[in-house]
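Right, one structure below, let's go through it.
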Amino acid sequence: MFAPLPDKPDHDALEREILALWESKETFARLREQNADGPRFSFFDGPVTANKSLAVHTSWGRTLKDVFQRYKALNGYHQRYQNGFDCQGLWIEVGVERELGLNSKREIEEFGLAEFSRRCREVVVKSAAEITEGSIRLGQWMDWGRDYFTFSDTNIEYIWKFLRIVHEKGWLFKGHRATEWCPRCGTSISAHELHGSYVDRVDPSLFVRFRLLDRPGEAVVIWTTTPWTLPANVAAAVNPTSTYGRLENGDWVAVARYPDEKFLEQLPGAELVGWRYEGPFDALGPGGEVEHRVIPWDDVSMEDGSGVVHIAPGCGAEDFELSKALDLAVIAPVDEAGHFYPTFGWLHGLSTGDAAEQIIGDLDDRGLLVEATRHEHRYPECWRCHTPLIFRLSDDWFIGVDEVRQPLLDANETVEWTPEYMGKRMDDWLRNMGDWNISRRRYYGLPLPFYPCSCGHLNVIGSRAELEERAVEGLDQLEELRRPWIDAVPIRCEACGESATRIEEVGDVWLDAGIVPFSTLGWENEEFVAGGYGTGAAEGLTTADLPTHATWEEWFPADWVSEMREQIRLWFYSQLFMSVALTGRAPFRKVLGYEKMLDEHGKEMHGSWGNMISATDAFARMGADVMRWQYCAQPPDRNLLFGFGPAQEIKRRLLTLWNSAKFLGDYGAIESFQPAYADLELGRPDADLQPLDNWLVERAAQLVAEAEAGYERWLTIDVTRAFEAYVDDLSNWYIRRSRRRFWDGEEAALRTLWFGIVQGLRVISPVMPFLAEHLWQALVTDVVQGAPDSVFLAGWPEARTPDLALLAEVAELRRVVALGHQARSASGLKLRQPLRRIVVEGAPLAAAHAAEIAEELRVKEVEFGHVDAELRVKPHLPALGPKLGKELGVVREALQAGDFEELDGGRFRVAGHELSSDEVLVERAGKEGWAVAGDAGVTVAIEIAVDDELALEGRVYELIHRVNTKRKDEGLELTDRINLTIPAADDELLVHLDWIARETLASAVVSGTVDQPVIERA
Ligand SMILES: [Zn+2]
Ligand SMILES: [Zn+2]
C-alpha cells in the first residue's frame, strides 16, 4: 500500500534516512557481491590532499566519480572502489606550521623534526576522517577504511623502485640552475607547480644609470622591476641590431624606445658591446670583483624598458643561461630564506622585498636613479603560501625528459579525453615541458633515496630490504621511511664500501600520487599481504591489502579517471610519466576533465571574501542531491557557477518529479493499486494500454536510450537534460491528459504512470541517488513484494529503440498546443474561457489528435488547413549582418515587400539566399478577430470572438474552479462527495448542472441566497 508523500521533500532529512537505510541493509556490499563476476571496469581515484575537511569544490569531482561508478555498477560491472589520500608535501606542512606558529625552516628544525612529522601525520588522520565523513554524506560509495595513503612506506618504496629504474636508465641528474624559489618555504618550485599561480602585482619600475668607465659623463640606462637583483648585476645587454643613442645628459638608450627625444650621437648596438661600466653596487663587495661589460643579446626587446637589459645570472633563468654561453660571472645574493648574504654589507639580512626601498633610495642619493615608478604585471607566487617567488640558484635533482618525451606523446595519443581539448593541452604540455625537478628542500615528504658517496658514486636505494641490507647503523630507530629517522641510516657505498649518507631533500608530491597505479595494485609484488598496504605512517589507518602482480595485470590500465583540468600538468602528468617510464603504456584509457568552480556570480570563492560555501552548509541547506545535480548539469568545458541561488532553482524543478510521484502515491492509495514488478522486466505494463499510455512507454524507452548515450559519453549534462524533458512530458502531458482516468481509478493508467516514474528513477539514480532511492522505496520496495530493496540493486533498464514515429507525432501535437496557448495568452483571454475554433497549418502528424487539441486549448472545433495570416519577416541583424554584408540591403527590401518563400523548418528563401530560423525575426498577424502564433513551420490561428453560449460555459468553468479550490482549502479528501449551493445570481449556470456535479463530485447542486459557492460534505 502506498504511503502518502509530504508536499515537498526535506532533502537533508531524507538523505540521512537513506544513508541509514543503506548502512543497515548493506546495500553497497550486496551490490558489489552481485557484480563480483561481472565484466571489469577499472577506475583509479586521484588522491585528495588530506589537510582539510571536504569542500564543495572537491565534492564536484567526487560526485562525477560516484555517478559513473554507480552507472557502471547498475550495468553489472565489477569495480574497485579504493579512495586515496595525498598525505605529504607543503600543503600538509603549512597547516602544521601555522598551528604551531612556526615561521621559518629554522624554527621547524628547532621544534624538532620527529615531533613535526608526528604533527603532520595528525593533520592527515583528522582530515582523512573528515573527508570520509563528508564524502559518505555526499553519497559517494567507496571502500571506506581500505583507502590508500600516499605516506605509507609501501607507497614510498614503490617510488624508490621507480627512481632506481630511472637512475638505471640514466635519466637522473643533479642540476645547478636558477629556478623559481619560494623564500618563505625555502624551496624551489617546479614548472608544473607554476601554472595558474601568476597573479597581477604592482612592483617598482626602475630606470637606472650604469656609468661608463671609458666615456666620462656617459652611462647606459637599464630597466628593471626587481631592484633586489641589482647588487647581483654583472652585465648590461643590448640588441646588436638595434640603434642606440646618446641623450644630452649622456645617457645611452635605444632610439626606438624614445621616439620624441633628440640624440647627440647614434650607434648600432653592436658598437656598444664591450663597453665597461661601473656596477651599481660595486662598493658592497661581490659586485666589485666582477668586470661589468655591455654584452650582445638577440633577445633584447624593444617592447618595453630602455632597450638595455640588466643581467644578473644568479637571479634569473635566462640570465643564467646567458652566463653559460658568454662565460659571465654568477653572483648569488640571497640565501634559502631570500635574505641577503653577509657579504652584501648594509643589505645583509634584508629580505628581497625590504631591500627594494633602500636600494632605490641609495641609487637616488648617488644620482644613478633616472626614474622610479610603479608597474603592474603578471608575476608568479607560491601556489601554497602565496609569497611572491624569486629566482635563485639552486642544486636540484632532475629527471631528464628528452628520452621519454616522445613515448609520452605517443601514450597520450592512445587516451580518449573528454572534453577533447584537454588532450591537446596535455600534448602541448608534453611537448614543452622541461626536465622534472623532483627535489624539495623540505621535511614531510618522500625521502629521496639518493646517497652520493665521497668516492663520486651515486647510490640509489630501490627498496626497504635493500636499505636494511646495506645500512651501516640506525635501523633500530627507523619508525617510518621518513625524516628525521631515515636520515640517521647511512648505507655502505656499493662502489667503495665506505659509509654514505642520504641527501636531505624530499620528493615532489606528484611522485607520491603518480605511483598509485603501481603501489596500490601490487605491481611486481610476489606475495599477497593481507592489510599489507598499511605500512609506516599508514599503519592503523587502512586495512588495504598489498596484492600481487596478478591483480595489477587485471586492473591496469584504468578504463577511466576523472579530475579537474589543472591535473593535466599534475596528477595526470605524473601518472602518465611514471607509467610510461615503467611500462611504456598510458595508465588510463579515458579521462573526464572539468573546468573550475566559481561562486554563482562568477567570482572565485575565497574564505576571506565571505563567498566560500562549506560542504556542511551545502548539505544542510540544499542537500547532497541538489549539489550533485548542480555538478552534473554542468558542461565540463565551462566554469561551474555554484551557489544557493541555482540550488533553489533546481529544487523548484525537482518538485515536478516529486509531485508526479506524490500524485501516483495518492491515487494509488485510493485505489489500493498493486504495481507489477514484471512490468519493468517486460519493458512495458502488461495491461490494456491506451494510445497515451503507449506513448509514455515509448517516451520512457527514449529516456533510457538518451541517458545511456549521455553516460557512455561521460556527459552528465546530457543525462540531466533528457531527464528534465522527460519529467516535463510525464507531468505536463501524460498526467494532465489522463487526470480523469486516475479519478476513475483506471488500472492501465496507474500502471503506466508507475512504470514511467520508476523507469525515470532508475535512469537518474546515479546522479541523484537519495531522492531516487527514497522514491524507489515508496513506490517499489514498500508496495511490491519481492522487488529489489534498492534502486541500485535493480540494474540498468534494458535499452531498446523507441517508436520514433509515435514520439514525433506527440511532440508535434505538444508543439501545436504550446503555440495555441501562446496565441490565446497574446489575446488576453483566460484559458477557462472556451473558444470556437482553431486552424492549424503545417502539423500533419497532429491531425490524428484533434480531440486532444480541442480539449487542451478549450476550443470547440479544430481545423487543419491554411491559416490566413500575414507573415512579416525581418532580418535578425546580429546574425545576418556579418553573413550577408553588402547584400543585406537587398534582402531587407525583399523581405519588406513580402517577396520571399517560406521553407520547412522555419527557413526562408529570399533574393537568392536561404535564411535559417535564427537569422530572421518572424511575426504573424491574424485577420481581425483571430489570434495567431507560429514557429518553425507550424502556424495556428484561434478565433477569439466570444458569443453568449461560450460566455456561459466560461462562467461554468470559473465556478468549477472556485469550488474545487474550496474543496482543497477546506481539506476535503479527493473522494469526498459534497452538497453545493451556488449564488442565485448564477442560476442560469444550472443548465449545465450535470457537468458541474461531475467536476466537483457534488451529490446535489442548488442555488440559494449566498454570495459565494458554499460546500459541505455530503
Ligand atoms: Zn611558499
Ligand atoms: Zn663510494
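The residues of the chain are indexed from 1 along the displayed sequence. Both ligands and their constituent atoms are indexed starting at 1 by order of listing.
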NZ/NE/NH1/NH2 to OD/OE distance under 4.0 Å, Arg378 and Asp200: yes

Nearest non-hydrogen partners of Ala581 and Lys169, listed with the distance: O-CE, 3.4 Å

Ring pair (Phe, Tyr, Trp, His ring centres under 6.0 Å) between Trp436 and Tyr573, intermediate numbers included: CA-CA 11 Å; Trp436 184 359; Tyr573 165 66; 5.6 Å; yes

Backbone or side-chain N/O/S of Cys455 under 2.8 Å of the Zn ion (ligand 2): yes

Three-point angle Cys453:SG, the Zn ion (ligand 2), Cys493:SG, rounded to the nearest 10°: 110°

Test item: Met426 and Ile568 side chains (from C-beta on) under 4.5 Å apart, heavy atoms: yes

Metal-centred angle, the Zn ion (ligand 1) as apex - SG of Cys382, SG of Cys385, 10° resolution: 110°

